[in-house]
Every structure is written in structure tokens, then in C-alpha cells.
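Small disclaimer: the values here were computed from a predicted structure and weren't measured. Each chain gets a letter, A, B and so on, in the order its sequence line appears, and its residues count up from 1.
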Amino acid sequence: MALFEVSGFRSYSEVRGRQTHLADRTNHYNFGTKTQEFAVPVGVDPSGFLKTCNHDGGVCIDMNHGTTTLAFKFRHGVIVAVDSRASAGRYLASNDVNKVIEINPYLLGTMSGSAADCQYWERLLAKECRLYRLRNNHRISVAAASKLLCNMMLGYRGMGLSVGSMICGWDKQGPGLYYVDDNGTRLSGRMFSTGCGNGYAYGVIDSGYREDMTVEEAYELGRRGIAHATHRDAYSGGVVNTLYHNKDGWIKVCKEDVSELIHRYRKGMF
Amino acid sequence: MFSVQTFGDTGKMKDYHYTGPVEHRFSPYAFNGGTVLAVAGEDFAIVASDTRLSEGYSIHSRDSPKCYKLTDTTVIGCSGFHGDCLTLTKIIDARLKMYKHSNNKTMTSGAIAAMLSTILYGRRFFPYYVYNIIGGLDEEGKGAVYSFDPVGSYQRDTYKAGGSASAMLQPLLDNQIGFKNMEGVQHVPLTQDKAVQLVKDVFISAAERDVYTGDALRVCIITKEGIDEQTVALRKD
């Protein structure tokens, strides 16, 4: 593909002369350090496998899940706001997870869905973006970075990955915002919200959005969207992490506890 | 339909009806119980686990601790399926040796955590049924705790409980170490002695209410002087 050749992307397997493969017994002598390997259960469909193992003599394998994240473009840049809750089944594994991966000072990736999937694939994306920068002497574009992630997802389509990610950045074309998910969907847009609380967030940011908002108003809109979503969605909560992206790069705006935010909204202070 | 007649409690005849063949499927996993806990302080870290190994209604062993020493500054606690715990710790040990031979230095706690994340994710479609918590000292000598889910998602914490009694221990730690849900309390930093005492008390509580936790408690205290191990008795019932 043209983009692959231009970006110099060669998958790890090509470089080593071996295909990445799914093995029923991983290569013990290398422990998976030479080629990227994924072990699969023998003779069973991987996406449904874990469900059948659960509740069998007390076995309960739950992976960290659940989120609300949102991002929108406006005249002065891009706002990204995420919550910080990770739940494993009904148990709240953590209330202060970092769901934004800082790929480089001009590129951010958000994570929603399965925590392990997002952390792994976005870390791999960060590695590829760094390699691109070293090979081509200019930063990767947001469109290309999102395309790389999208193709990683397509390679494992149907195997039960759960990733809903937004790639936000600023490149030569200006602000960029792409939504990428585990089906291989890749959409460029002005406003996205992902995760199980996304409906609530959309309602809030749709009603308050104006293209010519000031930066302060935009921070507040992003915070409100997440706060109201966490208020109504059981699987979102914790703190709101807000980031602002403009032509000079991204900055962390604030980190506020959602219960305190809702308390203040109730009291009418905002 | 297959019908069998037998006598019930009242002395009257009862009918049992079997509805046909039932599918039994081999499960590659088993749940062996056990609880692990780790706490990070200013210049120390504590990793503690109980030593009971159970399966279903039986206890296989009363002396099977779940803390494994990885390096002089890192201990890992693994609970869940014992078979996967053993294999995972062997793989981690092998990878540590490989790193030592290639790079001529020991892996730091943060590096071990990142490596474990990729090892676990390599089994994303057929996971290790292990809940891991790594406790150790980071490069600056401060205590660090890293907690994992079975497929490799991880983050650095100050304290974390994992395993069968984790849902009982975590709220208690949130209150005592994180000062959550307390008003008007001074946030004093945790001293090593207070932390060890807290860990012992918290496990005694867990053994009271969780059937899979008990027998004995193994505490590993990691400081720059090395790793100190203590064993404390818990309820054996």
C-alpha cells in the first residue's frame, strides 16, 4: 500500500523474515522476544472462549473495562476529556487510571474499552510513530497514525478485541481528530465521544457546542460532558482529565474529582 | 426420559427425572484461592500474601506462599490459578536472566512491570489466570507498587489488594492509607512499622471472612538494605 511504503512502516514480522502468527504453543526458547506471538486456545473460537470458562468452579476472569471519553475540535484547537475508572466485572479495579497516552508532544491517543488492549496497541502505535519520525525526519501526520492503528485492529478483527480510541493531534493540515475502533472503523470528525457513557456526554456537548467558543468555555464544556456521563453511567467515574491541544502542542489542563464537580453544578456555581 | 424411584424424607416415594445428556466441558483453568497485597511507602515496599492453596472445598496446602522474589529490589505476588502462577514466574525469571546477560544490569521495577504487561498480553486470547501485583523500589529508591489485570493492563499505585479477598481488603486500605471517606483527618505519611502492622491486621480480617484466605501470612519488606521476610500465623479453619 502506498501509505505503508511512504511511511517506511515494515511490520516486525517482515523485518525478521517471519510472519506474526497465532500459535497454540508459544516459542519457549525465545519467550516471544524475537517475533510477536499470540497464544490461542486450541480448537475454540477465541472471542467466546473466556465467557465459557467463567463460573466454572469459581473461575472468574474479568478484564478491566469501561469508560467515557470525548474530544472535539473548535476554532482554537482540540479539547480532550476522559474519565478514570476501570471496572473488572462488577468490581471497581481502579478509580485513577490514565486513559490518555501521550504519543509525542503533538499527538494524543485516548483509550476506551478493554484497558489491556488499548494500552498495548497504543503503546505499539507510539513505537511506530517514533520509528516514523526517525526514518523520515518529520513527524507523522494524524491521518497516518490513525491509519496505522486502524490496520492493527483490522489484523485481529473478530477475535474479541475491544478498543475505542480517538487519535488527536496537530499536523501540517491543522487540528486532526480521528476515531478508531476494534472493527477497523476510522472516521475523521469534529466531535466524538466513546465508551459506555458516550450517549450522556454527546447530549451535553452537543447542546453547549459553538465553533467560536473561547478556550475557557471549551474546557468547561469538556469537563461537563464527562462529569454528567459519570453521574449517570455506573462504569464511568473517578476524575476528569482534561487536555487542550493547539498548534504548539498539548497541555494538561486539569484533573478534577467528578463528585465535587457534580456538587458544584448542583449548587449552581457554574 | 429416564425415571428412578427413591424414598424421600417423609417416607413417601419420590420420582427423579433425568432430562437427557448434560454437556461437560474441560476447563483449562482452576481457582486456587489466595490473597495478595502490596503497599508502597516513602523508601520501602511491602508485599504480603497468605499461604493457603485450595481448590473447591479442599485445601491442598497450608504452606504455599504467593510472593516470589524476582530481584533484590522487587517481589511479585501472584494469585489465581496456581499452575499459571508457577509458569508465569518461571518465564519472568528466564526473561530477567536474558536481560541481565544482554544488558549487564538488573531490571528495574518499572521495567519488570512493563515487560510483564507484554508477557501477559501475548496470551490475550488464552490468558494466564493470574492476578499479579509487583512491589519494589524504583530507581530513586521510592516504594512502587504495580497492579495488573489478567491480560496485562497495569498502572502504578500506592497500595493494592488482589486475589480472592481483594474486594474486602481494598476498601479498608482506601480508608486507612488513602484516607478516603474521612473528614478532617491529617494525611500523615505511612511509616514502615505502621504499614507492617496494618498489613497484618488487614489479613487477620480477611481470614475471618474469606474461606480461601488463612493458615499463615508471609510478609516481604523491601528496603534498600534488602528483602526481609516475616511469617505470621492466621486462622487455620
Asks: Report which part of A/Leu161 has an atom under 4.5 Å of a heavy atom belonging to chain B: side chain, backbone, both, or neither.
Replies: both
Asks: What residues of residues 62-70 of chain B sit under 4.5 Å from chain A when you count only heavy atoms?
Replies: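 Near chain A, by residue number: none.
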Asks: Pick one of side chain, backbone, both or neither for B/Phe81, based on which atoms fall under 4.5 Å of a heavy atom in chain A.
Replies: neither
Asks: Taking all non-hydrogen atoms of both residues, which atom of B/Ser153 and which atom of A/Ala116 are closest, and how far apart?
Replies: CB-N, 3.3 Å
Asks: Hey, is the main chain of A/Asn98 close enough, under 3.5 Å, to the side chain of B/Gln155 for a donor-acceptor pair?
Replies: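 Flag not set: sc B/Gln155 to bb A/Asn98 has no pair under 3.5 Å.
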Asks: What part of A/Ala88 gets closer than 4.5 Å to chain B, counting heavy atoms only: side chain, backbone, both or neither?
Replies: neither
Asks: Check this for me: A/Tyr235, atom OH, are more than 12 non-hydrogen atoms of other residues, nucleotides or ligands nearer than 6.0 Å?
Replies: no
Asks: Does the side chain of B/Arg124 reach to within under 4.5 Å of the side chain of A/Tyr156, using non-hydrogen atoms?
Replies: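 Sidechains of A/Tyr156 and B/Arg124: no contact.
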Asks: Should the pair B/Phe125 and A/Phe38 be assigned to parallel (<30°), tilted (30 to 60°) or perpendicular (>60°) ring geometry?
Replies: perpendicular
Asks: With a 4.5 Å cut-off on side-chain heavy atoms, are A/Tyr120 and B/Val151 touching?
Replies: no
Asks: Is there side-chain contact between B/Tyr121 and A/Gln119, with at least one heavy-atom pair below 4.5 Å?
Replies: no
Asks: Do you know which of B/Asp149, B/Asn32, B/Thr118 has the most heavy-atom pairs with chain A at a distance under 4.5 angstrom?
Replies: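 The candidate making the most pairs under 4.5 Å is B/Asp149.
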